[in-house]
Number of protein chains: 2
Amino acid sequence: MREGPDIARIASLVGDPARANMLSALMDGGALTASELALEAGVGLPTASSHLAKLGDGGLLSQSSQGRHRYFRLAGPQVAAMLEAIMGVAETAGPKRARPGPRDASMREARVCYDHLAGEHAVAMLDGFFTRGILDQGKDGVVMGKAGPSFFAAAGIDLSTLPGKRRPVCRACLDWSVRRSHLAGSLGAAILDRILEQKWARRDAQSRAIRFTPPGRRAFERTFLA
Amino acid sequence: MREGPDIARIASLVGDPARANMLSALMDGGALTASELALEAGVGLPTASSHLAKLGDGGLLSQSSQGRHRYFRLAGPQVAAMLEAIMGVAETAGPKRARPGPRDASMREARVCYDHLAGEHAVAMLDGFFTRGILDQGKDGVVMGKAGPSFFAAAGIDLSTLPGKRRPVCRACLDWSVRRSHLAGSLGAAILDRILEQKWARRDAQSRAIRFTPPGRRAFERTFLA
DNA sequence: CGCATGGTTTGATCCTAGTCGAAGCATCTT
DNA sequence: AAGATGCTTCGACTAGGATCAAACCATGCG
């Protein structure tokens, strides 16, 4: 008999297919209503409501009521990181899975992870930041490097607005498709915002995939990849 | 209805208390027999056998038969990393938990994570490695730095024996208690080996905690922490 | 107001999955 | 061989939990 964190309790929350679908649907960091999540999970409204209550009690979801709508979102970046970690082993440890099709390929290339960019592009970007001294691996994880401030200013990102919230500015997040780190934290979120704001890419409505336009991809590479 | 990795399948494997206990017991990277795991999980032998079969099919455990014993261990470092991630949210998202007692305090300070050192000491060590140029954050994650070879030679670790296996030499692993990275990979494993071999510390028999002897702690700090 | 819409609660149903006793294999010991 | 030990399989029992229909609140709109 062991002690330690009650891992079974929260794993069993994720272990139900309906709840897992809901959580996956929220992995893009957005907020959805109970009925949307019911649809997403392929389950009736009462069932969904019950599931959502459990996820709320379990601390995986936060809820906010607006009028007669009730919005649910992931409780925080840690929850998203955990889900990515589970996806990682599901991908490799899972039984013979159909090889990732074209849709999955675009997910591998670029997708939203909670509120920041993930996938091959994001991993390459973080690598470049390190080698160019834009970010550094410091005492408290990832930290701003010497070349950082001027770089981000040139890229149109205002660093002064980032601190102040409770979340760290820089954070590393393990990528389940590439299995290397990409940049999370408020800086990661700001970069994704910038990409979308410039209309270099748009979010797929159905999945978490990010689709770059051809000129957008070039602009992204010119700006963020050396 | 979503696609993507079958997250519910593997989360539900972890979601059963008996299986969660077994997995926790294996988090130290060691191998245990079916009966030991049954005891650890507080469950009968037939039940344990059934659980172990499921964990094996699910790809979370690897098994090896030696004589009439059957040994089980975690399938790989990714599985351990996932479990640590789940522990992380269980720790924060969990409901009012009893504040960590003395035993948990020693776990936070130093413990085994699969096959390498985790906890505050390990996080401080990796930080020091980065600032002293012993390791660097390179294109492919953590990589040997300029000062590395001479440093590890002085510390009694033979780098030439490390590569060759399928696992990376250096890897970052997110620490659930401190929520910052520590060093995994074969180099991380070699450092832990060295610490135990020098008898600077011993492993707690019951938990994953690592207990330094007073002179051992000084030697560790002198050797690995600046 | 009255009605529609979004969400929760209740109650009943059903089924999966965890549990163990007993019997069955396999392997080691004597 | 005969016995002991470690583990798995089989069979039966049970409990927990997922599900939905129907009734019940709450909010917004005309």
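All values reported here derive from a predicted model rather than from experimental measurement. A note on names: the letters A, B, ... follow the listed sequences, proteins ahead of strands, and every chain is numbered from 1.
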Using whole Å, report how far CG of A:Leu55 lies from P of C:dG7. 16 Å
Check side chain to side chain donor-acceptor pair (under 3.5 Å) between B:Ser64 and all other residues, then give those that pass, not counting sequence neighbours. none
Length of the line joining A:His69:NE2 and C:dT5:P, which is rounded to integer Å: 12 Å
For B:His51, what residues pass the ring-ring contact (aromatic ring centres under 6.0 Å, His included) criterion, not counting sequence neighbours? none
In whole angstroms, the gap separating P of C:dT5 from CD of A:Glu36 amounts to 17 Å
Can you measure B:Arg9 atom CZ to C:dA17 atom P for me and round it to whole angstrom units? 12 Å
Between the axis at one end of the helix from C:dC1-D:dG30 to C:dT30-D:dA1 and the axis at the other (five pairs apiece), what's the angle to 10 degrees? 20°
Residues in salt bridge (charged side-chain N to carboxylate O under 4.0 Å, His left out) contact with B:Arg194, at least two apart in sequence or another chain: B:Glu197
Which whole-number value in Å describes the distance from A:Tyr71 OH to C:dG6 C1'? 11 Å
Which pairs, protein N/O on one side and nucleotides 12-15 of chain C N/O on the other, fall under 3.5 Å?
none

Does D:dT8 have OP1 or OP2 under 4.0 Å away from a side-chain N or O of B:Arg70? yes
Nearest whole Å is fine: how far is D:dT5 P from B:Leu39 CG? 17 Å
Counterpart residues, side chain to side chain donor-acceptor pair (under 3.5 Å), relative to A:Ser49 (two or more places apart): none
Using the side-chain heavy atoms of A:Phe72, tell me which of these nucleotides is nearest: D:dT8, C:dT8, C:dG6. C:dT8
Please give, in whole Å, the distance from C:dG7 C1' to A:Leu37 CG? 13 Å
Those residues at least two apart in sequence (or on a different chain) that pass side chain to side chain donor-acceptor pair (under 3.5 Å) with B:Thr33 are B:Glu36
Going by the rule ring-ring contact (aromatic ring centres under 6.0 Å, His included), which residues pair with A:Phe220 if we only count those two or more places apart in sequence or in a different chain? A:His121, A:Phe212, A:Phe224
Who pairs with A:Arg73 by side chain to side chain donor-acceptor pair (under 3.5 Å), at least two apart in sequence or on another chain? none
Taking all non-hydrogen atoms of both residues into account, name the closest pair between B:Ala48 and B:Ala34 and its distance. CB-O, 4.4 Å
Begin with the C-alpha distance, continue with both residues' side-chain angles, and end with the deciding distance and a verdict on salt bridge (charged side-chain N to carboxylate O under 4.0 Å, His left out) for A:Arg9 and B:Glu91. CA-CA 11 Å; A:Arg9 201 180 68 86; B:Glu91 193 70 7; over 6 Å; no
Qualifying residues under side chain to side chain contact (heavy atoms under 4.5 Å, CB included), relative to B:Lys199, sequence neighbours excluded: none
Could you run down nucleotides 18-27 of chain C 5' to 3' and tag each one B, S or - for protein heavy-atom contact under 4.0 Å? SSBBB----B
Can you list everything that forms a side chain to side chain contact (heavy atoms under 4.5 Å, CB included) with B:Ala53? Sequence neighbours excluded, please. none
